Amino acid sequence: MSDPSYTDIALRLEQLTELSVELSTNHDIALLQERILKAAKSMTHADGGTLYRTSADKKSLSFHISINDSLGMYQGGTSGHSVDIPDIPLYTASGSKNLGAVAAYAANTGVSVNIQDVYQVDVFNFSAMRSFDQQYGYHSQSFLTVPMLDHEEEVIGVLQLINAKDPATGKTRAFTDTDQRFIEALASQAAIAITNSQLIARLENLFESFIKLINIGIDEKSPHTGRHCEQVPELTMMLADAVHRTERGTFADFRMTDRDRKQLWIAGLLHDCGKITTPVHVVEKATKLETIFDRIHLIDARFEVLKRDVEIRALKEKLSYGSDTRHHDAINQRLSTELAAIDSDRGFLRQANIGGESMSAEDQKRVIDIARRYRWIGPDGEEQDLLNDEEVGNLNIRAGTLNAQERDIINNHISVTIRMLESLPWPKHLQNVPEYAGGHHERMDGQGYPRGLRAEQMSVQARMMAIADIFEALTAKDRPYKKGKSLSESLKILGGFKLRNHIDPDLFDVFIREKVYLDYARRFMDPAQIDHVDESKIPGYVP
């Protein structure tokens, strides 16, 4: 049998070169494997071919792709047909290397096997091949089996080609030495390319796992916002998909590639990473008087002191009348009234301490009145107001549980997030992560923070995340100072944000029109919160 012509060799070299370029740029392992097998078949004019991959435990070879042109057989890869061929064990039951199966032999020894006619060889066990031939009416003859070794000489798979064909006659022939050398070169390049792709995938997985580790740390600091870091990225991607689908209006030409989606997902996961530096007593401030502990209990103790003082004063007054008990009923009535008033005021302060979404001016005035109306003797022996100015200020927080200083501390998390993210050496395909993640508290009118950016200074992705961040907070039911709002109420409030130019108006319309809110609600909200939504009554919505 003569060697291939120089023209054929030149053609193979060109194929190998083109494949080398593709292997260096394509990181989709599934497509890489399919391209490798097809290129190997083309180079050798093989009728069939199989690509095996070593299992995770390195104990067997798995059929990943199997192709046979004569039989019209195509399994695995992008064919849509699963491979129904059992794995080949690399070790025997006794634990020794399996050298009986030709593919296992190549994997275990790292040596290529080139067989002219399998029916004339008794070194290997070809019983499975013979059964295959009998079942499909096929005749296997020439075999070329080449191990795929990575840069550390570890076997990651095996290429096996069947029945080389003479291009001129179409007859089955043996694989030549030139065939073998080309396939060995291809297998070596392919193994390194697959290993590199796996390494990149593992690094990306490690990076994303590290991000999740940061979020676990943040969530552990504050169980009350534990789901926020998980659900904002999910909602952001749901809105991004809806905008991607849009074929009319402002975003008719907006499209996102897989890399764009990956970048936005990473940004969503990291959008609150700065909270890892926020003090626990601020992040986890569940009541207005809470610091390291809830100081409402100190005020409770003062009320108990007040009640005892009132009772002692009543007893002294009774004693002053000696055996004359005619005034006791009046004293008891007055005592009961005073104790009831004290209990009422204490109950009011307890309720005020819980926080809420809006505290009335009347209630704020009552806090001040209570603070000044009652006087008590402190541990230093000095008489003082029931509440000091700091306690009054906290109890009179109009909404939520954070005072102005604490809100500044919380708001600073976004500045920390930006500094943290901008300090990282982001690769080109992730270089926008800091901008996406750092813009979710900006407003379209430039009145947001930390940079006061206007709409035109922000990416679409950052504006998406701003809507996701607000909507998740509105619907969340794990906040200690409020209940999770219903779906219709949340959309009404979100519509108000649009009308006040806080959020992107066009993105808001897509959010409603594509029913992103409903998809999110079904996945993440309590069913009790999902009420009927009349889109025509949502403020600011333009269908």
Side-chain angles (χ1 to χ4, degrees), residues 225 228 231-232 234-252 254 268 271 355-361 398-400 407 411 439-449 452-479 481-543:
T225 58
H228 182 76
Q231 294 182 1
V232 167
E234 294 281 0
L235 181 53
T236 300
M237 298 312 300
M238 293 168 73
L239 178 54
D241 288 341
V243 176
H244 178 88
R245 294 192 304 267
T246 298
E247 297 182 350
R248 62 188 176 97
T250 304
F251 303 111
F254 181 87
H271 83 284
E357 296 176 65
S358 179
M359 186 178 189
S360 68
R398 192 188 66 80
R407 191 163 295 282
N411 290 348
H440 67 277
H441 284 300
E442 301 289 354
R443 287 172 26 176
M444 303 305 98
D445 59 4
Q447 299 302 306
Y449 65 90
L453 302 177
R454 299 185 64 85
E456 61 272 15
Q457 297 173 293
M458 300 168 60
S459 64
V460 175
Q461 287 85 343
R463 286 177 264 161
M464 289 177 185
M465 202 171 297
I467 290 177
D469 190 73
I470 293 170
F471 191 74
E472 192 284 334
L474 290 172
T475 57
K477 58 178 295 186
D478 54 6
R479 306 300 192 268
Y481 53 84
K482 76 173 188 69
K483 295 180 180 180
K485 295 186 179 300
S486 69
L487 193 54
S488 60
E489 188 178 7
S490 299
L491 292 173
K492 179 180 179 181
I493 295 173
L494 195 65
F497 280 113
K498 171 189 173 177
L499 294 176
R500 293 191 296 276
N501 202 23
H502 288 193
I503 61 175
D504 186 296
D506 297 313
L507 284 176
F508 172 79
D509 290 342
V510 173
F511 189 78
I512 305 301
R513 185 172 64 247
E514 297 295 321
K515 293 185 169 42
V516 177
Y517 68 89
L518 189 57
D519 292 339
Y520 175 82
R522 288 169 175 166
R523 287 183 59 187
F524 298 108
M525 287 176 62
D526 187 323
Q529 294 175 259
I530 305 176
D531 57 353
H532 173 70
V533 173
D534 184 347
E535 293 183 354
S536 66
K537 295 183 179 179
I538 297 175
Y541 173 53
V542 179

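Every heavy atom of this structure was used, including side-chain atoms; hydrogens, water molecules and symmetry mates were not. All residue numbers refer to positions in the sequence shown, counting from 1. Since this is a predicted model, take the numbers as computed values, not measurements.
For the pair N501/R443, no side-chain contact is recorded, criterion being any heavy-atom separation below 4.5 Å from C-beta on. Counting heavy atoms from C-beta outward, I503 and I470 have side chains that approach closer than 4.5 Å.
Each of K515, K492, R513 was scored for a salt bridge (charged side-chain N to carboxylate O under 4.0 Å, His left out) with E535, with one residue passing: K515.
By the side chain to side chain donor-acceptor pair (under 3.5 Å) test, Y520 pairs with Q231, sequence neighbours left out. Taking the side chain to side chain donor-acceptor pair (under 3.5 Å) definition, one finds that D531 meets it with S486, S488, sequence neighbours left out. Looking at residues two or more places apart in sequence or on another chain, you find no side-chain contact (heavy atoms from CB on, under 4.5 Å) involving A466. Scored by the side chain to side chain donor-acceptor pair (under 3.5 Å) test, N411 finds Y449 as partners (sequence neighbours excluded). Applying the side chain to side chain donor-acceptor pair (under 3.5 Å) criterion to R245, with sequence neighbours excluded, gives no partner residue.
The line from CG of D519 to CD of E514 is 9.5 Å long, rounded to the nearest 0.5 Å. Of the inter-residue distances, the one linking L494 atom CG with T475 atom OG1 reads 10.0 Å to the nearest 0.5 angstrom. Taking CE from M465 and CD from E472, the interatomic distance works out to 13.0 Å, rounded to the nearest 0.5 Å. Annotation: the span from E442 atom CD to R463 atom CZ amounts to 12.0 Å, rounded to 0.5 Å. Of the inter-residue distances, the one linking H271 atom NE2 with T236 atom OG1 reads 7.5 Å to the nearest 0.5 angstrom. Remark: L507 CG to I512 CD1 distance equals 11.5 Å, nearest 0.5 Å.
Taking all atoms of both residues into account, the shortest heavy-atom contact from M458 to L453 is CG-CB, 3.9 Å. When all heavy atoms of S490 and L474 are compared, the pair lying nearest together is O-CD1, 3.6 Å. For L499 against P539, the heavy-atom pair with the smallest separation is CD1-CB, 3.8 Å. Considering every non-hydrogen atom in both G540 and D509, the closest pair reads O-OD1, 4.0 Å.
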Pair H441-D469, side chain to side chain contact (heavy atoms under 4.5 Å, CB included): steps then yes or no: CA-CA 8 Å; H441 284 300; D469 190 73; 3.5 Å; yes
Worked verdict on V510 versus M464 for side chain to side chain contact (heavy atoms under 4.5 Å, CB included): CA-CA 10 Å; V510 173; M464 289 177 185; over 6 Å; no
Check against side chain to side chain contact (heavy atoms under 4.5 Å, CB included), F251 and D506: CA-CA 8 Å; F251 303 111; D506 297 313; 3.5 Å; yes
Test log, rule side chain to side chain contact (heavy atoms under 4.5 Å, CB included), inputs I467 and L235: CA-CA 9 Å; I467 290 177; L235 181 53; over 6 Å; no
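Using a distance-only test at 3.5 Å, with no hydrogens or angles considered, no donor-acceptor pair links the side chain of R398 to the main chain of S358. A donor-acceptor pair is defined here as one N or O able to donate and one able to accept, closer than 3.5 Å; such a pair exists between the side chain of Q529 and the backbone of K485.
The stretch residues 486-517 participates, sequence neighbours left out, in these ring-ring contact (aromatic ring centres under 6.0 Å, His included) pairs: F471-F511, F497-H502.
In the displayed structure, E247 atom CD is contacted under 6.0 Å by at most 12 heavy atoms of other residues, nucleotides or ligands.
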